[in-house]
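One structure is given below, encoded as structure tokens.
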Amino acid sequence: LNHLRTETNGQIESKVAITSSSICNSYENHQPRVVTLFEDKNKYFYTDIEQNCWLRFDFRESRVVPTHYTIRSYQYNSHPKSWVIECSNDRSSWETVDEESECPHLASSSLVHTFKVNHPTSKGFRYVRMRLTGPNWSGNNQLVIDSFEIYGNLI
């Protein structure tokens, strides 16, 4: 994501559409696209409180073969605890490439952790999404993160 943001001079939306199941408020600092701004800790993304909430990346004309991803938790609470990383080419059938359950690596403020994709594939995907599969560390079903990065091959 950072590579594409740099390549597009900060206009990542021209290469990757970033959407979510919901957005808790419409302030500019909380839109899904702010997860690509690792250097700006004042902006963060969060959904409404809802089961199976998600954040999705649409690589439009490109395909990505994910190998790793990095998440930075927000400095507030509601840190992710259990989720899946899913990939698709049609937004109807999803392939799980990683699953985390009761994950302690993001259980506090502003923690950064890089996760290895546990079910790697050589297939390229148009869509990558992070979907909560249970309550966060605050006990509610709200996806709250500061930043997200995907590593792998862009084809």
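Counting begins at 1 with the first residue of the sequence. Heavy-atom basis, side chains included; hydrogens, waters and symmetry copies ignored.
Counting heavy atoms from C-beta outward, D146 and F38 have side chains that stay 4.5 Å or more apart. Contact of the P135 side chain with the N141 side chain is registered, since non-hydrogen atoms from C-beta on lie closer than 4.5 Å. Here the side chains of N118 and V97 are not in contact, with every heavy-atom distance at 4.5 Å or above.
Linking ILVMFWY side-chain heavy atoms closer than 4.5 Å, directly or via other members, places F45 and I18 in a single hydrophobic cluster. Placement of V64 and L4 within a single hydrophobic cluster is found when ILVMFWY residues are connected by side-chain heavy-atom separations under 4.5 Å, directly or transitively. V144 and I71 fall into different hydrophobic clusters, defined by Ile, Leu, Val, Met, Phe, Trp and Tyr side-chain heavy atoms under 4.5 Å apart, directly or through other members. Linking ILVMFWY side-chain heavy atoms closer than 4.5 Å, directly or via other members, places L143 and L106 in a single hydrophobic cluster. L132 and Y74 sit in two unconnected hydrophobic clusters of ILVMFWY residues. Membership requires side-chain heavy atoms under 4.5 Å apart, directly or through other members.
Contact detail for S82 and S101: the closest heavy-atom pair is OG-CA, 3.5 Å. Taking both residues in full, the closest heavy atoms of H68 and V117 are given as N-CG2, 3.8 Å, listed atom of the first, atom of the second, then distance. Taking each heavy atom of Q142 and C24 in turn, the nearest pair found is NE2-SG, 3.9 Å. Summarising the geometry of K43 relative to L37, their closest heavy-atom pair is CD-CD1, 3.9 Å, with the distance given to 0.1 Å. Nearest heavy atom pair, residue T70 against residue V112, reads CG2-CG1, 3.5 Å. Between T8 and K15, the closest heavy-atom pair is CG2-CG, 3.4 Å.
Donor-acceptor pairing under 3.5 Å is lacking for the side chains of R126 and N89. If you check the side chains of S138 and N140, you find no donor sitting under 3.5 Å from an acceptor. Judged by distance alone, the side chains of E95 and S88 never bring a donor and an acceptor atom under 3.5 Å apart. Side-chain atoms of D98 and Y69 include a donor-acceptor pair closer than 3.5 Å. Between the side chains of S21 and E50, at least one donor N or O lies within less than 3.5 Å of an accepting N or O.
We find the OG-CG distance between S78 and N136 to be 4.5 Å, quoted to the nearest 0.5 Å. Between S14 atom OG and E7 atom CD the span is 8.5 Å, to the nearest 0.5 Å. Distance CD1/I155 to CZ/F125: 9.5 Å, rounded to 0.5 Å. Summarising the geometry, atom NZ belonging to K81 is positioned 4.0 Å from atom CD belonging to E102; distances are rounded to the nearest 0.5 Å. Note that OG1 of T6 is 9.0 Å distant from CD1 of I12, once rounded to the nearest 0.5 Å. To the nearest 0.5 Å, atom NE2 of residue H105 and atom NE2 of residue H79 are 15.0 Å apart.
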Working note: Q31 + I23, criterion side chain to side chain contact (heavy atoms under 4.5 Å, CB included); need CA distance, chi angles, decisive distance, verdict. CA-CA 7 Å; Q31 296 299 307; I23 302 170; 3.5 Å; yes
Residues I85, T96; criterion side chain to side chain contact (heavy atoms under 4.5 Å, CB included); working and verdict: CA-CA 6 Å; I85 301 297; T96 299; over 6 Å; no
Apply side chain to side chain contact (heavy atoms under 4.5 Å, CB included) to the pair D58 and T19, showing each step before the final yes or no. CA-CA 8 Å; D58 174 356; T19 56; over 6 Å; no
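Applying the ring pair (Phe, Tyr, Trp, His ring centres under 6.0 Å) criterion to F57, with sequence neighbours excluded, gives F148.
At least one donor-acceptor pair under 3.5 Å links the side chain of S73 to the backbone N or O of S110. Of the possible donor and acceptor atoms, one in the side chain of E149 sits under 3.5 Å from a partner among the backbone N and O of N2. Not one N or O on the side chain of R72 forms a donor-acceptor pair closer than 3.5 Å with the backbone of K41. Checking side-chain atoms of S20 against main-chain N and O of L55 turns up no donor-acceptor pair under 3.5 Å. Although no hydrogens or angles enter the test, the distance criterion places a donor-acceptor pair under 3.5 Å between the side chain of R63 and the main chain of R60. In terms of modelled atom types and a separation under 3.5 Å, the side chain of T36 and the main chain of L1 share no donor-acceptor contact.
Cation-pi contact between R129 and W94: present, with separation from the ring centre below 6.0 Å and deviation from the ring axis of at most 45°.
Checking W54, W137, F115 one by one against W83, the ring-ring contact (aromatic ring centres under 6.0 Å, His included) holds for a single residue, F115. Here the rule is salt bridge (Lys or Arg N to Asp or Glu O under 4.0 Å) with R131, and of E86, E100, E99 only E86 fits it.
Other residues, nucleotides and ligands contribute over 12 non-hydrogen atoms within 6.0 Å of the CG atom of D90.
Between Y46 and Y44, a ring centre-to-centre spacing shorter than 6.0 Å is recorded.
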